[in-house]
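Notes follow the structure.
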Amino acid sequence: MIAATPHATAQRHPQAAIWTFVALTFGWTWGLWAAVSLIGPSAPRLSGALFLASAFGPGVAAFVTVLGFHGKAGFAHWLRRCLRWRLGWGWYALAVVAAPLAMGTALGLNAISGGTTPPMPVQGPALIIITQLALITVFGGPLGEEFGWRGYALPALTELWGWRWAAILIGAVWGLWHLPLFWMPGTVQAELPMGLFLASTVALSVVFARLSVNTQFSVLPAILLHGVINWSSLVLPVMPAGGDARPYTIVMGLVMLLAVAVMLKPGPHPAAAGNPP
């Protein structure tokens, strides 16, 4: 009797690969967050390093899952697709301007409706502020997450259920993955309304999915969009400050409206999701 190869196993039982990815993602990240909580302020450098590493859970899980279920050839195929960069400049431009435009619109709507505009949370030379975008993209989650969420999970689930249902499911899992942060002092999530945040991850997942499908599942636009979202939320005063969550609520409302529009717009219908054959 000839043993089944990882490639054959992945084709016959795609759910096994997906569940492996989910288990590794949560195990890596939640395990490191537990370690950070146990260490506390007694070793701040170690805690900081572990916290930075925790953001790479989805990416590490994707690399291990693809290698384990598809082998080296499948991994090379997958990585080439993830790093496909000849996509047209318009997609990159959209990834750069979408978040600042939405947040600026939300601040304008907040001011028009009688809300107060908080001071800019980050001030300083423009070059330093722009440099922070690169640091946030590499160490703040986008690089570590997107190879997993949009690089692996989205194509895999799209092959099973289509990109719309895949986006909704990934958004729910993405939100749950962040859940422990709401009880970790000093994190962004600790200051946010939990229900609104969890709903917004589903909406954002739909937007990310549409961008990913339109760019043949390259992770580069998704990484850029994710980085600009995180960076813009630090530069523009939309996050809750002093208990005022109104600007954040407005911007999340805009994201949800955009997600509905994206879901209702016909297409695209990818012929192949792009994970290893």
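Between the side chain of H178 and the main chain of W174, a donor-acceptor pair closer than 3.5 Å is present. Side-chain atoms of S233 come within 3.5 Å of backbone N or O of N230 as a donor-acceptor pair. For Y92 (side chain) and W85 (main-chain N/O), a donor-acceptor pair under 3.5 Å exists by modelled atom type. Using modelled atom types, no side-chain atom of R81 and backbone atom of Q216 make a donor-acceptor pair closer than 3.5 Å. A donor-acceptor contact shorter than 3.5 Å links the side chain of T215 to the backbone of S212. Of the possible polar contacts, one joining the N214 side chain to the R210 backbone as a donor-acceptor pair under 3.5 Å is found. Checked by atom type and distance alone, the side chain of S47 never pairs as donor or acceptor with a backbone atom of P44 at under 3.5 Å. A donor-acceptor contact shorter than 3.5 Å is absent between the side chain of R150 and the backbone of S218. The backbone N or O of F26 sits nowhere less than 3.5 Å from a side-chain atom of T29 that would complete a donor-acceptor pair.
Rounded to the nearest 0.5 Å, atoms NE2 (H226) and CG (L204) are 8.5 Å apart. The distance from atom CD1 of I170 to atom CH2 of W163, rounded to the nearest 0.5 Å, is 11.5 Å. Considering CG of L157 and CD of Q15, their distance stands at 9.5 Å, rounded to 0.5 Å. To the nearest 0.5 Å, the span separating CD1 on I18 from OG1 on T65 amounts to 10.0 Å. Taken to the nearest 0.5 Å, the OG atom of S37 stands 4.0 Å off from the CE atom of M184.
Under a hydrophobic clustering in which Ile, Leu, Val, Met, Phe, Trp and Tyr are joined whenever their side-chain heavy atoms come within less than 4.5 Å, directly or via other members, I250 and L192 fall into different clusters. Linking Ile, Leu, Val, Met, Phe, Trp and Tyr residues whenever their side-chain heavy atoms come within less than 4.5 Å leaves L198 and V260 in two separate clusters. By the rule that hydrophobic residues join a cluster once side-chain heavy atoms approach within less than 4.5 Å of another member, L225 and L101 end up as members of separate clusters. Cluster annotation: L257 and L196 are assigned to distinct hydrophobic clusters (Ile/Leu/Val/Met/Phe/Trp/Tyr, side-chain heavy-atom contacts under 4.5 Å, transitive). Hydrophobic clustering (side-chain heavy atoms under 4.5 Å, transitive across Ile, Leu, Val, Met, Phe, Trp, Tyr) groups L224 together with L87.
Taking 4.5 Å as the limit, some side-chain heavy atom of F147 sits within range of a side-chain heavy atom of C82. Taking the side chain as every heavy atom from C-beta outward, L181 and V188 never approach each other to under 4.5 Å. Using a 4.5 Å heavy-atom threshold, the side chains of T25 and W149 count as touching. Inter-residue side-chain proximity for V36 and S54 is flagged as unmet; no heavy-atom pair is nearer than 4.5 Å. Taking the side chain as every heavy atom from C-beta outward, L169 and W161 approach each other to under 4.5 Å. Taking 4.5 Å as the limit, some side-chain heavy atom of T105 sits within range of a side-chain heavy atom of L109. Counting heavy atoms from C-beta outward, F63 and V66 have side chains that stay 4.5 Å or more apart. Using a 4.5 Å cut-off on side-chain heavy atoms (C-beta onward), L258 and L254 make no contact.
Nearest approach of G171 to T201, heavy atoms of both residues: O-OG1, 3.0 Å. Shown here for Y248 and M239, the closest heavy-atom pair between the two residues is CD1-SD, 4.0 Å. For the pair A95 and P221, the tightest heavy-atom approach, listed with the atom from each and the gap, is CB-O, 3.7 Å. Across all their heavy atoms, A167 and L154 have their closest contact at N-CD1, 4.3 Å. Residues L50 and A35 share a closest heavy-atom pair of CD1-CB, 4.1 Å. Closest of all the heavy-atom pairs between P237 and L107 is O-CD2, 3.4 Å.
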Residue pair L24, V60: steps toward the side chain to side chain contact (heavy atoms under 4.5 Å, CB included) verdict = CA-CA 8 Å; L24 291 172; V60 170; over 6 Å; no

Give the C-alpha distance, both sets of side-chain angles, the deciding distance and a yes or no for side chain to side chain contact (heavy atoms under 4.5 Å, CB included) between F208 and E146.
-> CA-CA 10 Å; F208 271 92; E146 290 306 326; 3.9 Å; yes

Just do the side chain to side chain contact (heavy atoms under 4.5 Å, CB included) check on F51 and L32 with the steps written out, would you?
-> CA-CA 7 Å; F51 192 80; L32 289 178; over 6 Å; no

Using the side chain to side chain contact (heavy atoms under 4.5 Å, CB included) rule, take W231 and L234 through it: C-alpha gap first, then chi angles, then the decisive distance, then the call.
-> CA-CA 5 Å; W231 174 76; L234 294 178; 5.8 Å; no

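Aromatic ring orientation, W33 versus W177: tilted (interplanar angle from 30° to 60°).
Shown here is E191, whose CD atom has no more than 12 heavy atoms of other residues, nucleotides or ligands within 6.0 Å. Counting heavy-atom neighbours within 6.0 Å of W19 CH2, excluding the residue itself, gives a total of 12 or less.
If you check the side chains of R164 and T158, you find no donor sitting under 3.5 Å from an acceptor.
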